Protein chains: 2
Amino acid sequence: MAGHEILVGQIDPASDRAVFRQIADHLREAIEGGRLSPGDKLPSEAALMQHYNVARMTVRHAMQELQGEGLAVAEHGRGVFVRSRPPVKRLASDRFARRHRKEGKAAFIAESEVVGAKASVDMIDVREGSPLPEIAERLKVRADEAVVIRSRRYSLDGRPVELATSYIPADLALGTRIMDANPGPGGIYARLEEQGRTLDRFTEDVFTRMPTREEARLLLLAPGVPVFRLIRTAYDLDGRSVEVCDTIMSGDAYQLSYELPAH
Amino acid sequence: MAGHEILVGQIDPASDRAVFRQIADHLREAIEGGRLSPGDKLPSEAALMQHYNVARMTVRHAMQELQGEGLAVAEHGRGVFVRSRPPVKRLASDRFARRHRKEGKAAFIAESEVVGAKASVDMIDVREGSPLPEIAERLKVRADEAVVIRSRRYSLDGRPVELATSYIPADLALGTRIMDANPGPGGIYARLEEQGRTLDRFTEDVFTRMPTREEARLLLLAPGVPVFRLIRTAYDLDGRSVEVCDTIMSGDAYQLSYELPAH
DNA sequence: TGTTAGTAGTCGTCTGGACGAGTTGAGGAG
DNA sequence: CTCCTCAACTCGTCCAGACGACTACTAACA
């Protein structure tokens, strides 16, 4: 066994930096310096214990630091590996161009074609219910007013990337294909425009935070990966809110792109 | 000592859910259910050890889970507290309206006035150097070409919220006030327009990830708080890139707002 | 009155050990 | 040759204890 040549670091006992942080530093430098590539296996806990002559908890603490930063992922029974960054996807500003709806494409499908990925949707659920206060405010309805709630999960090439929940005022949705799991070509925006609610503009409010456990589970998120929360409000030509969409997006799968005029 | 009434949970030894996760679940429910409010102190490690009859490491592990989720913050020597969400700041779409520059206001200053916060800038550094490849690509310069690099830190009411680094082609910056720590009224965009490079549009690419240690230090980020990385490119009427700004923003201090036409 | 030293309570770090559970690969049974 | 068993290796969880450092409060002191 030649051992791991990447383990060149030594603990500085005189340093006031905690030992587990020094170990994490060494490994982090190995990753960022390219001596360890995405997918590579880090030295096992046992190897690090021996190399640095420390207790196992100390090594584990260092490993957890790296996992918390999203640099590494542990796999039970196999080892700890350098995280590989999947290719990012791009959200164009013309995402909601009417042209796409005219072609019968929903935004997510049109977008995924650009990057050559296979888009799919599952966990579709349509029901009536009450919106959260922050949703009700944007939709300009009372919080105790019933609205139609459409939730679904989007995946690219089988990998879940986005959880979306749309809220539509009941009078615009009831009795239309918006209540169907599959709302038809062009998605629900096409159905709204068929009712004469011509879409005029959208606002998007973007937040970032760590996922809840439920979100991490549904999006198969590795530890240390934050999510985008994007709340989009769609307005028609009369300035009425016709839909609010609350979306949780895997932070490592998305890059949001916007174009702003200097006006 | 009446003890903590919030500690109603008991460990289920039959459950296959790890003990430290069960403890974290109890505390999480207490926080999310409102029995513990932002700023409240969680039971001490000693209290939890006694209540659940477990070892200290088990309790600490539970606490770290909550801190990793951003729900709680430990303060050395004081206790662990429920995180209080500071008021969010809003990035309007008219952030770069020429009107603001005409009034001699830089974007950050104009914006902070809206929320009634006192804006300040420090750690200003101006130098010449080479851009990162992803910056060079946006700026349409070679990666080995010298550009002017302006970095600074923005704070609101004394709290650091944003680290920004601007890259400007050398021929547009050298010999102008852009090289000064204080570039004058209206900021560097006003200086660029004075040279006849009228700004036409901006693109913004938004990413989210966990902060590096350096970023966490400079932004005083609590554990479990992700950051936005926003790369803005400014174009003039000729379509030339006149500036690329790479910004790291505290994820819990910002809400990004965009307006999109349906065109 | 104002300051200082002490003390109790709290979290941070580290040791050394124990057992459980998932993964892998080699060697043996068929 | 195929399949299965099993041992070795790996990470996950938990215990019991030790010392250090920071905070807040109190009591003694100047």
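The structure displayed is predicted, hence computed values, not measured ones. All chains are named by letter (A, B, ...) in the order of the sequence lines, taking the proteins before the strands, and each is independently numbered beginning at 1.
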A.B. asks: Looking only at atom types and distance, does a side-chain atom of A:Ser151 sit under 3.5 Å from a main-chain N or O of A:Ala164, one as donor and one as acceptor?
C.D. replies: no
A.B. asks: Show the distances under 3.5 angstrom between N or O atoms of the protein and N or O atoms of nucleotides 21-23 of chain D.
C.D. replies:
| unit_1 | atom_1 | unit_2 | atom_2 | d |
| --- | --- | --- | --- | --- |
| D:dA21 | N3 | B:His76 | NE2 | 3.2 |
| D:dT23 | O4' | B:Gly77 | O | 3.3 |

A.B. asks: How long is the gap from CZ on B:Arg229 to CD on A:Gln255, to the nearest 0.5 Å?
C.D. replies: 10.0 Å
A.B. asks: What is the distance from CD of A:Glu45 to C1' of D:dC9, rounded to the nearest Å?
C.D. replies: 11 Å
A.B. asks: Could you tell me which non-hydrogen atom of B:Val206 sits nearest to which non-hydrogen atom of A:Phe228, and how far apart they are?
C.D. replies: O-CZ, 3.6 Å
A.B. asks: If we ignore hydrogens and angles and just use 3.5 Å, is the side chain of B:Glu75 paired with the main-chain N or O of B:Phe81 as donor and acceptor?
C.D. replies: no
A.B. asks: Does anyone know the first and last nucleotide of DNA chain C in reach of chain A, 5' to 3', at under 4.0 angstrom to a heavy atom?
C.D. replies: C:dT13 to C:dT24
A.B. asks: Quick one: does B:Gln22's side chain have a donor or acceptor within less than 3.5 Å of a partner on B:Asp12's backbone?
C.D. replies: yes
A.B. asks: So B:Arg17, base contact, sugar-phosphate only, or nothing? Heavy-atom distance under 4.0 Å.
C.D. replies: nothing
A.B. asks: Donor-acceptor pairs are to be reported for all side-chain atoms of residues 53-64 of chain A against protein atoms at under 3.5 Å, with residues two or more places apart or in another chain.
C.D. replies:
| unit_1 | atom_1 | unit_2 | atom_2 | d |
| --- | --- | --- | --- | --- |
| A:Arg56 | NE | A:Glu45 | OE1 | 2.6 |
| A:Arg56 | NH2 | A:Glu45 | OE1 | 3.0 |
| A:Arg60 | NH1 | A:Glu45 | OE2 | 2.8 |

A.B. asks: Is there a residue in residues 57-64 of chain B whose heavy atoms reach under 4.0 Å of DNA chain D, and which residues are they?
C.D. replies: B:Met57, B:Thr58
A.B. asks: Could you tell me whether a side-chain N or O of A:Thr208 sits under 3.5 Å from a main-chain N or O of A:Val227, the two making a donor and an acceptor?
C.D. replies: yes
A.B. asks: Quick check against the 3.5 Å criterion: does B:Arg150 have a side-chain atom that pairs as donor or acceptor with the backbone of B:Val148?
C.D. replies: no
A.B. asks: Give every donor-acceptor pair under 3.5 Å between a side-chain atom in residues 217-224 of chain B and any protein atom, sequence neighbours left out.
C.D. replies:
| unit_1 | atom_1 | unit_2 | atom_2 | d |
| --- | --- | --- | --- | --- |
| B:Arg217 | NH2 | B:Glu214 | OE1 | 3.3 |
| B:Arg217 | NH2 | B:Glu214 | OE2 | 2.9 |

A.B. asks: If you pin A:Arg56 and A:Phe20 to their nearest nucleotides in DNA chain C, which one's is more 5'?
C.D. replies: A:Phe20
A.B. asks: If I take atom CG in residue B:Asp16 and atom C1' in nucleotide D:dC14, what distance separates them, rounded to the nearest angstrom?
C.D. replies: 16 Å
A.B. asks: Checking B:Ser37 side chain against B:Asp40 main chain: does a donor-acceptor pair fall under 3.5 Å?
C.D. replies: no
A.B. asks: Suppose we screen for salt bridge (Lys or Arg N to Asp or Glu O under 4.0 Å). Which residues come up paired with B:Arg153, at least two apart in sequence or across chains?
C.D. replies: B:Asp122
A.B. asks: Rounded to whole Å, how long is the line connecting atom CG of A:Leu66 with atom C1' of D:dC11?
C.D. replies: 15 Å
